[in-house]
> 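Encoded as structure tokens, here's the structure I'll be asking about.
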Amino acid sequence: MAKKPTEPNRRDFMTIAAASFAAVGGAASIWPFIDQMNPDASALSLATIEVDLAPIEEGQSITVSWRGKPVFIRHRTGKEIEEAKGVKMEDLPDPDARNENLKDDTPATDINRVKDKNEKWLVLVGICTHLGCIPKGQRIGDAKGEYGGWFCPCHGSHYDTAGRIRKGPAPRNLDVPTFEFVSDTKIKIG
Amino acid sequence: MKMIASPFAKHAAMIAGAMLLGVTLGTSPAQAAGDLPEIKAQSWTFSGPFGTFDRGQLQRGFKVYKEVCAGCHGLRQLHFRNLGEPGGPEFSEAEVKALAAEVEVKDGPNDEGEMFDRPGKPSDAFVSPFPNENAARAANNGANPPDLSLMAKARVGGPDYIYGLMVGYKEPPSSMKMSEDMSYNDVFPGHQIAMAAPLSEESVEYTDGTKPTLENHAKDVSAFLMWAAEPKLEERHKLGFRFMIYLLILSVLLYLAKRRIWSRLKH
Amino acid sequence: MAHESTFTPGNRLSKWFDDRLPIERMMHDQFGVFPMPRNLNYLWTFGGILTFFLVVQLLTGIVLAMHFVPHETMAFDSVEHIMRDVNWGWLMRYMHANGASMFFLAAYIHIARGMYYGSYKAPREILWILGVLIFVVMMATAFMGYSLVWGQMSFWAVTVITNLFSSLDSIIDGLGTTIVQWIWGGFSVGNPTLNRLYSLHYLLPFVICGLVVLHIWALHIPGSNNPTGIDIKTKSDSIPFTPYYTVKDGFAMCVFVMLFAAFVFYAPNYLGHPDNYVEANPLATPPHIVPEWYFLPYYAILRAIPDKLFGVIAFAGSISLLLFLPWLDTSKVRSTRYRPIYKWFFALFMIDVVVLGYLGAKPPEGWYLIIGRLATAYYFAHLLLVLPLLGWIEKPSAMPGSITDDVLGKKPAGAK
């Protein structure tokens, strides 16, 4: 080799500068390859839905699809509201309201499970907090569990009429999604 | 497009052009030889490596599309939400909602199993005027008005072609025998087009003070269709500029490093 | 180049690995200290550039496959979905489409370099053959990838090219038709065709990767050729791959990527065809069917021959003859630098290919057809007559004694 006396010095400033600049560019160009897997513009555009509540009669429930997930909307009866209000806080396995519209650590009283103190309308993400099954209780003939709310058939979790976990392996109350009343009979979820 | 034929010499020229001058545009304005009529290149705000769309022009162009073209031509790749996205006409959220709500969208089935119509939402796609090709042909003397979503990239000349077509309606030369229901057009291949001249002076009312001339209508709708075909053009130009600067610096650094390293070799 | 490994593990972990899977040793021997001729010019940087584009195509291709729907009614719209909705989707698709063109451009330069400097001659015949095989698989992959967009050009290119097999009907009645229907999975190009093209388009790049590994392996047995075509004789003829050629390849790659970026960001559809932005319509053929630019020379050869079967044979022959190049060329001198007559024939061959490329996009009629036939004739004459005969006739010019002599500008012994 022609360069016996001066062995190539790889610590040369120019080489380091070029190599690091190339490395920075290489690292930056990884981002598009990762970000392409995130929800795309068409998925994001469906991230909010509006639901008309007018046709839901007292005692009825409907299920709507939001971001590919079921959302339970129940028009609660006076009896159901009273039952939910009567529960003592120490009887709740999960004392947190789990309401996206309120701050964390809000106690799981019935009034904190609804929006704008409008107790008639209970809106829940219909996914069991245990392992993601869909609880029963939406249809007329469904098993509603020991507390008259919802019952998850996968591992036997019982939810009350405010969607709070009362018995079974589920660790948390059913989530209340972000939503708002656009009018008295219309809500926008998401 | 004939110019893809032109081999290395022209490619080399193209390469130099693209790098130094920045030949842009989704489709090249180079002219196809032979049977296709000449298309004159217009000046567009979106051409060149720093080109951006003119918001006002896109909004006017959308109005032209909505009030004139949409009767026969779909734009099915577009969604109403696109109208509010950056790099496009950038209508406000409220305007996008209002524009979407103007159309009836088929949805369903509802609880009774029936399909129903409801007002459109920003997430809805544009609704094509005909449910299928046969319906389109039946309503248009056998001609099928093509979808315009990609028209600005699907014709040689792109937006220049669309502009040329819009302003190219003329009396046919006396030597030419026209078929029934056909119009003479300067730039349409074969010169006989089934679409009657769609635009003329004051076809569409402009509210921003732009003169409602035929040329302005044609220019605005061509620009709008270019955006419809290439909605990420601005993002592309922006990212391209940054990437080019990066590459330029990296090349210089690598060149200097290369010289430094190779200088160790004894000659 | 058979040589002892000079690798010594730097620490105990490295030693532990070296005893089990000596991958660090391989990298050190093959890409670190590997002896390279010291006189390589920039034409030798295209091997690295090609590797870069193989990686680009694989990465962007895997991304596109996550969003593409291989169905005749949804393929075209799913491509538009990628362009409009998927995060960075437009970048991925434009990179993939233009990356294919850059890949071919680099491959053509790489092949032409090999031909000019006689890199196919002994002992590098297998290296060359592997290269030709990579090129053939690349062409198949590119063709299939182009078809997936399911635009008008995609659809009609598939129709026309698969119909080439129907020429076999003139040998055994019904054979061609049977094969074509087998390829289509139906009686015309349709959904089954699209699905198999997609499956194979995903498979073949991995075949290319395998062939590339063999290609590099075969390269590292004799080592790289060089502009003089003279073997490395003494230590002063060679330098280690790293850092000399890593930095040189890196610089060349960066410049070439600039060209790539110019297309991706400023003229992404320049090399494409407007008709492919029209969804495939099995009932209407576009007025001009033109393949992508990198297929044009072969397309011209195909159309220069008036007979369907012989056209296909000429088309296949124009590429497969390259496999025999090491034996068609009878000259003992590798580098064209020292071949005073062949120099001109080589230039003529390059021009011939460019002319064929030009004609590939023209209608095969009138003068275009006549020139096309002459150019096709020369293509084959060059490979089958000029190369074998010239080797016997030509008297090579004086060559330098060694690579070092050439670099230091020493006059060849006995030069005027």
> B:F53 and B:F224: aromatic ring centres closer than 6.0 Å?
no

> Is B:L247 close to chain A through its backbone or its side chain, or both, or neither, when contacts mean heavy atoms under 4.5 Å?
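Neither; nothing under 4.5 Å.
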
> In plain terms, say whether A:K79 and A:E83 are close enough for a salt bridge, that is, a side-chain N and a carboxylate O under 4.0 Å apart.
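A salt bridge links A:K79 with A:E83.
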
> Is there a side-chain contact between A:R76 and A:E58 in this structure, where contact means two heavy atoms from C-beta onward sitting under 4.5 Å apart?
no

> Below 4.5 Å from any heavy atom of chain B, which atoms of A:A41 appear? Answer side chain, backbone, both or neither.
both

> Just so I understand: if I count every heavy-atom pair under 4.5 Å between each of A:S29, A:A28, A:A18 and chain B, which residue has the most?
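The answer is A:A18.
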
> Measuring only between side-chain heavy atoms, which start at C-beta, is A:K186 closer than 4.5 Å to A:L53?
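The answer is no; the side chains never approach within 4.5 Å.
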
